Amino acid sequence: MSAIDFNKAAYFPLEGSYRETNNATRLGDLDPRMPISVTLLLRYEKDPGSYKVRAAIKTREQFAAQFHASEADIQLVEAFAGHFGLNIIEELPEQRLIHLQGTVDAFERAFRVQLSTCCNAEGIVFRGRIGNIHLPEQLLPVVEAVFGLDDRPAAAPKYRIAKKDGQFIAHSALPGSFYPNQLSDIYGFPKKGTGAGQSIAIIELGGGYRIEDINTYFKQLKLPIPKVVEVLVDGGANAPTTADSADAEVMLDIEVAAAIAPDAAIVVYFAPNTDKGFFNAIQTAIHDTTHNPTILSISWGASEKNWTEQSLKAFNEAFQAAAMLGVTVCAAAGDNGSADGEQDGKVHVDFPASSPFVLGCGGTTLTTKDKKVESEIVWHNIDGGATGGGVSEFFPKPNYQDPINVPVSLNNNFAGRGVPDIAANADPGTGYRVRVDGQDLVIGGTSAVAPLMAGLIARINEQKGKPVGFIHPKLYSAKSAYQYRDIVLGDNKTVTGAKGYVATPGWDACTGWGVLFALS
């Protein structure tokens with residue numbers, strides 16, 4: 001490779017890297033000597049874009065041997081980093097990642113950006129940027145995404161704690177709530193199977209768990225105490241504090257998944273709540289050759305409008321890799337209805353649930369009688385809590401959704417990916433009985449549905465003797481092998497003017513196909 005004079009190189013914007021202010025306020029300049037770390041995602045040497053998703057790639061090692069970054073591209077990035085005084089912390093060719101470290105000044109010069117101290121509407125101070133990232137023309141075809149220059153919060157957990165007059169509601173005070181294993185029986189999950197031999201990966205961007213809570217909870221349920229392992233990514237930590245924090249998300253995820261699949265290994269990947277932390281946690285889980293997850297549960301997300309295009313594309317490529325590896329990815333569809341928490345008068349869907357390679361998990365309100373379903377409708381409370389769902393304005397309608405009538409976007413008529421795919425109980429009023437930081441709480445939200453489905457998939461995997469992986473083509477097939485109960489009542493209209501979606505027979509943009517419970 002001939003040497004490149006980066007001082008004379010022409011610079012151009014990195015496609016999809018443009019950042020908005022998102023109503024953040026610039027507070028001032030950063031110390032130019034402050035050290036920061038950044039992750040670069042490189043292109044595949046052999047592009048799997050047209051590769052059959054369900055091809056016979058049996059191991060992560062086989063995937064890495066076929067799909068990775070090229071040595072030439074890595075050397076080019078090494079030269080670029082060296083020129084600007086950036087240190088290479090780690091190279092992961094099988095994940096196409098290069099982790100860099102350097103000063104604010106060095107990164108500003110290398111990527112032609114201005115980094116500032118900013119503050120968002122919630123009062124969170126972060127390192128921010130506005131506009132595009134720029135790269136020398138020689139690197140433009142090589143680098144797909146740059147994460148970490150901006151470290152604003154990337155996502156929010158999709159849980160809702162049941163409260164009355166601002167106080168937690170105890171299990172006994174909410175008789176319409178459920179332990180997860182009770183839901184397994186009510187929904188008719190496979191009787192045989194405990195998730196043995198399966199590994200469920202859970203992504204957490206904050207909070208933590210206390211092992212004494214896990215021990216107490218599962219002794220109460222008379223279930224085996226699950227094997228929980230933590231993996232720390234990008235400085236993430238298992239850092240429990242109080243029940244009314246992200247601890248509620250962490251414990252909800254662990255306790256629901258493990259109650260449905262008590263013999264599955266539960267691997268929790270803790271990372272900072274930034275686009276870099278989120279992406280690296282997902283990459284770490286998908287390519288983890290130590291724990292070999294077969295299911296990935298994600299209960300954190302944000303409206304598509306809050307992501308850069310480079311992030312949407314990069315995360316989606318990661319989920320495609322998961323599909324190729326036979327990993328089922330389950331993600332919460334959001335808890336704020338058709339608005340997805342935005343106040344712009346438009347409908348929105350939540351990402352990562354909107355990725356075509358992710359099982360988007362919507363929410364219902366469930367009532368039972370004599371341990372059987374009495375009624376189940378779209379979750380939509382008068383306080384605005386409601387299942388997310390709608391039509392992506394970034395991802396086109398995937399081929400597997402051709403057999404169904406996905407409406408075009410109510411904003412711009414874009415023919416996009418319909419969300420969610422399935423649903424289950426998510427109303428905090430009929431929520432999940434869990435234990436968090438020594439307290440017994442009832443928690444709802446679509447956050448609960450993702451680990452519930454992860455536990456179900458673990459059981460199905462065990463029964464079949466192999467991972468079912470990317471289930472969407474079969475789920476949407478005219479002769480689907482999956483069994484689900486349709487939800488036909490309710491809506492998720494939370495946008496001013498009653499914009500949103502209504503439950504209908506068959507698939508709809510509130511609850512998808514309805515409640516998935518078995519594989520024929």
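The figures that follow rest on heavy atoms only: side chains count, while hydrogens, waters and symmetry mates do not. Everything numeric in this text was worked out from a predicted model, so none of it was measured.
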What is the distance from atom CD1 of Ile282 to atom CG of Leu296, rounded to the nearest 0.5 Å?
6.5 Å
Under a 3.5 Å threshold, yes or no: a donor from one side chain and an acceptor from the other, between Asn492 and Ser338?
no
Does the pair Lys191/Asp185 count as a salt bridge with the N-to-O cut at 4.0 Å?
yes
Go through the side-chain N and O atoms of Arg433 and Ser177 and say whether any donor and acceptor fall under 3.5 Å apart.
yes
For a 4.5 angstrom cut-off between non-hydrogen side-chain atoms, does Phe279 reach Leu97?
yes
Residue that, paired with Arg435, satisfies side-chain contact (heavy atoms from CB on, under 4.5 Å) out of Thr216, Asn215, Leu252:
Thr216
What orientation do Phe63 and His287 show, parallel under 30°, tilted 30 to 60°, or perpendicular over 60°?
tilted
State the CG-OH distance between Asp421 and Tyr484, to the nearest 0.5 angstrom.
11.0 Å
With a 4.5 Å limit on heavy-atom distance, are the side chains of Asp247 and Thr242 in contact?
no
Hey, are Tyr209 and Glu255 close enough side-chain-wise for a donor-acceptor pair under 3.5 Å?
no
If you take all heavy atoms of Ala248 and Tyr159, which pair is closest and at what distance?
CB-CE1, 3.7 Å
Is the closest side-chain donor-acceptor distance between Thr430 and Thr365 under 3.5 Å?
no
Tyr476-Asp402 side chain donor-acceptor pair, cut-off 3.5 Å
no
In Å, rounded to the nearest 0.5 Å, how long is the span from CG of Asp151 to CG of Asp275?
9.0 Å
Measure the shortest side-chain to side-chain distance between Asp350 and Lys158 over non-hydrogen atoms and say whether it is less than 4.5 angstrom.
yes
Calculate, to the nearest 0.5 Å, the distance between atoms CG and OG1 belonging to Asp427 and Thr364 respectively.
8.0 Å
I would like to know whether Glu204 and Asn238 meet side chain to side chain donor-acceptor pair (under 3.5 Å); could you show each step before the answer?
CA-CA 9 Å; Glu204 300 294 358; Asn238 175 20; over 6 Å; no
Tightest non-hydrogen contact, residues Leu452 and Ala424, listed as CD2-CB, 3.7 Å
Side-chain touch Pro356/Phe470, heavy atoms, less than 4.5 angstrom
no
Is Asp437 paired with Arg210 through a side-chain N to carboxylate O contact shorter than 4.0 Å?
yes
Decide yes or no for Leu516 and Ile471: does some side-chain heavy atom of the first lie under 4.5 Å from some side-chain heavy atom of the second?
yes
For the residue pair Asn280 and Thr39, confirm or rule out a side-chain donor-acceptor distance under 3.5 Å.
yes
Flag yes if more than 12 heavy atoms outside Glu374 fall under 6.0 Å of its CD atom; otherwise flag no.
yes
To the closest 0.5 Å, what do you measure between CG (Asn399) and NZ (Lys397)?
9.5 Å
May I have the step-by-step check of side-chain contact (heavy atoms from CB on, under 4.5 Å) for Asn461 and Ile295, ending in yes or no?
CA-CA 9 Å; Asn461 286 351; Ile295 307 106; 3.7 Å; yes
Polar side chain donor-acceptor pair, Asn336 to Arg160, under 3.5 angstrom
yes
Polar contact flag, side-chain donor to acceptor under 3.5 angstrom, Glu61-Thr289:
no
Short N-O contact, Asp244 and Lys163, less than 4.0 angstrom:
yes
Considering all heavy atoms, the nearest Gly334-Trp379 contact:
O-CZ3, 4.5 Å
Check: Glu393 main-chain N/O paired with Glu304 side-chain donor or acceptor under 3.5 Å
yes
Contact check, side chains of Gln320 and Asn316, non-hydrogen atoms, under 4.5 Å:
no
Residue pair Val327 / Ile286, side-chain heavy-atom distance below 4.5 Å:
no
Check for a donor-acceptor pair, side chain of His68 on one end and backbone N or O of Gln95 on the other, with a separation under 3.5 Å.
no
Atom NZ of residue position Lys493 - does it have more than 12 heavy atoms of other residues, nucleotides or ligands inside 6.0 Å?
yes
Is the backbone of Ser299 close enough, under 3.5 Å, to the side chain of Ser447 for a donor and an acceptor to pair up by distance?
yes
Mind running side-chain contact (heavy atoms from CB on, under 4.5 Å) on Asp213 and Val436 for me, showing each step along the way?
CA-CA 7 Å; Asp213 285 334; Val436 185; 5.7 Å; no
Taking His472 as the fixed residue, which of Tyr482, Trp507, Tyr400, Trp513 is the one that meets the ring-ring contact (aromatic ring centres under 6.0 Å, His included) rule?
Tyr400
Does the ring-ring contact (aromatic ring centres under 6.0 Å, His included) test come out yes or no for Phe278 and Phe315, once each step is laid out?
CA-CA 9 Å; Phe278 201 173; Phe315 279 60; 5.4 Å; yes
With a 4.5 Å heavy-atom cut-off, do Leu441 and Met251 have their side chains touching?
no
Assign the ring pair Phe67 / Tyr44 to parallel, tilted or perpendicular, where the plane angle (0 to 90°) is split at 30° and 60°.
perpendicular
